[in-house]
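The structure under discussion appears below in the form of structure tokens.
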Protein chains: 2
Amino acid sequence: MKKDLQKAIQKYKVPVVAVDMLIFSIIDKKLCVVLISMKKKPFEGSWAVPGGIILKDEHIDDAARRHLEQKTNVKDVFLDQLYTFGAPNRDPFGRVVSVAYYALIPHDKVSLKTTDRYGGIEWFPVDKLPKMAYDHKDIIKMATKRLQSKLTYSNIMYSLLPKEFTLAELRTSYEIILKRTFDKRNFRKKVLSLDMLIETDKKQVGVPNRPAKLYKFKNRKFKEFEIL
Amino acid sequence: MKKDLQKAIQKYKVPVVAVDMLIFSIIDKKLCVVLISMKKKPFEGSWAVPGGIILKDEHIDDAARRHLEQKTNVKDVFLDQLYTFGAPNRDPFGRVVSVAYYALIPHDKVSLKTTDRYGGIEWFPVDKLPKMAYDHKDIIKMATKRLQSKLTYSNIMYSLLPKEFTLAELRTSYEIILKRTFDKRNFRKKVLSLDMLIETDKKQVGVPNRPAKLYKFKNRKFKEFEIL
DNA sequence: TCAAAAGTGTTCGTGCTACACCCATGC
DNA sequence: GCATGGGTGTAGCACGAACACTTTTGA
């Protein structure tokens, strides 16, 4: 960083703009989020949501996408701005205003990339978080709530499921995230009435029971609905 | 803004964090928003949403409240974060990431304070905006949508109405903002069933017709409901 | 033939919608 | 007494909730 800039920033305590990227998926029947383990004091041994400072000329949305792709190799998933956290003393290293984003990625595409900047990167169930750095525990809670809410009035589940899926998979995914159950028949009736899915001519293979029909989403793009 | 900082910021495109404050009220049966007229090129003659850079050690929420109070003298109203805009070329003067907030203020408390930094400050109906600077037209559109949505699942109308009001005032306020009508009887039934209002023992005075009972909100604090 | 999950209809209750007339007050 | 908005009840309909048995496949 150039000297005159650094000087001006220190003089006026200009806040730094960062993004936090909350990456959600369903792993092993649980809603999980990607965390990285911290090396630096005072947060050694704690975990945090991945993220970092935005680049110059980089749109904040793109900064979020950059972090998402860096960690998971996935693109073209649902990504949405959550909230901007701007308390003056959130970060002991300096004033950081961070814009949090959340994304939903398919559980069949999961492969986390670690880098040597962090101690490690792992999925954690949102109900069993480790010791968290900063205010990240609250951020995860808020993101979980928002995710639950958005699931009930949009088609964003397209971003969590594989291209083709059974209605049972769709239903249990809703059940896991919304923490409730749905009646099998009522659920079918409802989702099929929404003109949101397309029936394929394929079926499950290799299951020890009657194979289910596979469906896919009509549009793999955010759209509002009255779903559940 | 100080000159040396401004210079450094322009040179290196370091993002500056600002807030934009969208102040809504109902004036003359129309949903209106506070705008200020710009003096500086290239936006002479255009209008913008009030706002400005956050102070050092100032919480961004407080920055929004500061601007709100500066312009309107009101405190203790509903104020909520809308969205953070972070495209790199939004502002020709340099990179600005701005966190937009919106607030609802009572129409009986309106008195705008002008300052000599701006050409003027005025209420404009959201349907008849003047020539707007930056991307502020889009921001107002987004805020209006959010406001409409939030009205249908919360009690934030408490922040727009005077302390005591008639059910007709409540109803027409919803009708103006949501751009639809409600059946008088069904509306009464619904809002009274929500345990959100308290009936006072007062009535309208000086009206040339049967005076309506006055009601007040049980809690003048944000709460979620299923309202309309 | 057995185990396991898929697929399929009907009934009931709740809540939203539509709708018209009398009442209280000021002038 | 007349003009103006306040205040009130009921019937129909749509939608969500509850609920059990038959079908198809692999082993």
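Every value quoted in this text rests on a predicted model; they were computed, and no experiment measured them. In what follows, every chain begins at residue 1, and chains take the letters A, B, ... in the order their sequences are listed.
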What is the distance, rounded to the nearest whole Å, between atom OH of Y215(A) and atom P of dA6(C)?
12 Å
Just the rounded figure in Å: distance from P of dT23(D) to CD of Q204(A).
20 Å
Given dT17(C), dG6(D), dA17(D), which nucleotide is nearest the side-chain atoms of A212(B)?
dG6(D)
Send over the distance from K189(A) NZ to dG16(D) P, rounded to a whole Å.
9 Å
d(CG, L228(A); C1', dC15(D)) in whole Å
14 Å
Between C1' on dG13(C) and CG on N186(A), what's the gap in Å once rounded to a whole number?
14 Å
Does the ring centre of F85(A) sit less than 6.0 Å away from the ring centre of Y134(A)?
no
With the threshold set at 4.0 Å, does a side-chain nitrogen-carboxylate oxygen contact exist between E175(B) and R180(B)?
no
Would you say the ring centers of F225(A) and Y153(A) fall short of 6.0 Å from each other?
no
Starting from C1' on dG7(C), measure out to CZ on F187(A) and report it in whole angstrom.
15 Å
Starting at the 5' end of DNA chain D and moving along, which residue's nearest nucleotide shows up first, R171(B) or D183(A)?
R171(B)
Can you tell me the distance, in whole Å, between the CG atom of L214(A) and the C1' atom of dA6(C)?
12 Å
Between R90(B) and S98(B), does any side-chain donor sit less than 3.5 Å from a side-chain acceptor?
yes
Starting from C1' on dG16(D), measure out to CG on L192(A) and report it in whole angstrom.
16 Å
Ring-ring centroid check F165(A) F217(A), cutoff 6.0 Å
yes
Produce the list of close N/O pairs, under 3.5 Å, pairing protein atoms with atoms of nucleotides 21-25 of chain C; give distances to one decimal.
residue: dC23(C); atom: O2; partner: R210(B); partner atom: NH1; Å: 3.4
residue: dA24(C); atom: N3; partner: R210(B); partner atom: N; Å: 3.2

Between R185(B) and dA18(C), is there a contact of a side-chain N or O with OP1 or OP2 at under 4.0 Å?
no
Least distance between heavy atoms, W123(A) atom then F24(A) atom
CZ3-C, 3.9 Å
With a non-hydrogen cut-off below 4.0 angstrom, is K213(A) in contact with a base, only sugar-phosphate, or nothing?
sugar-phosphate
Which atom pair, heavy atoms only, marks the closest approach of V97(A) to G86(A)?
CG2-CA, 4.4 Å
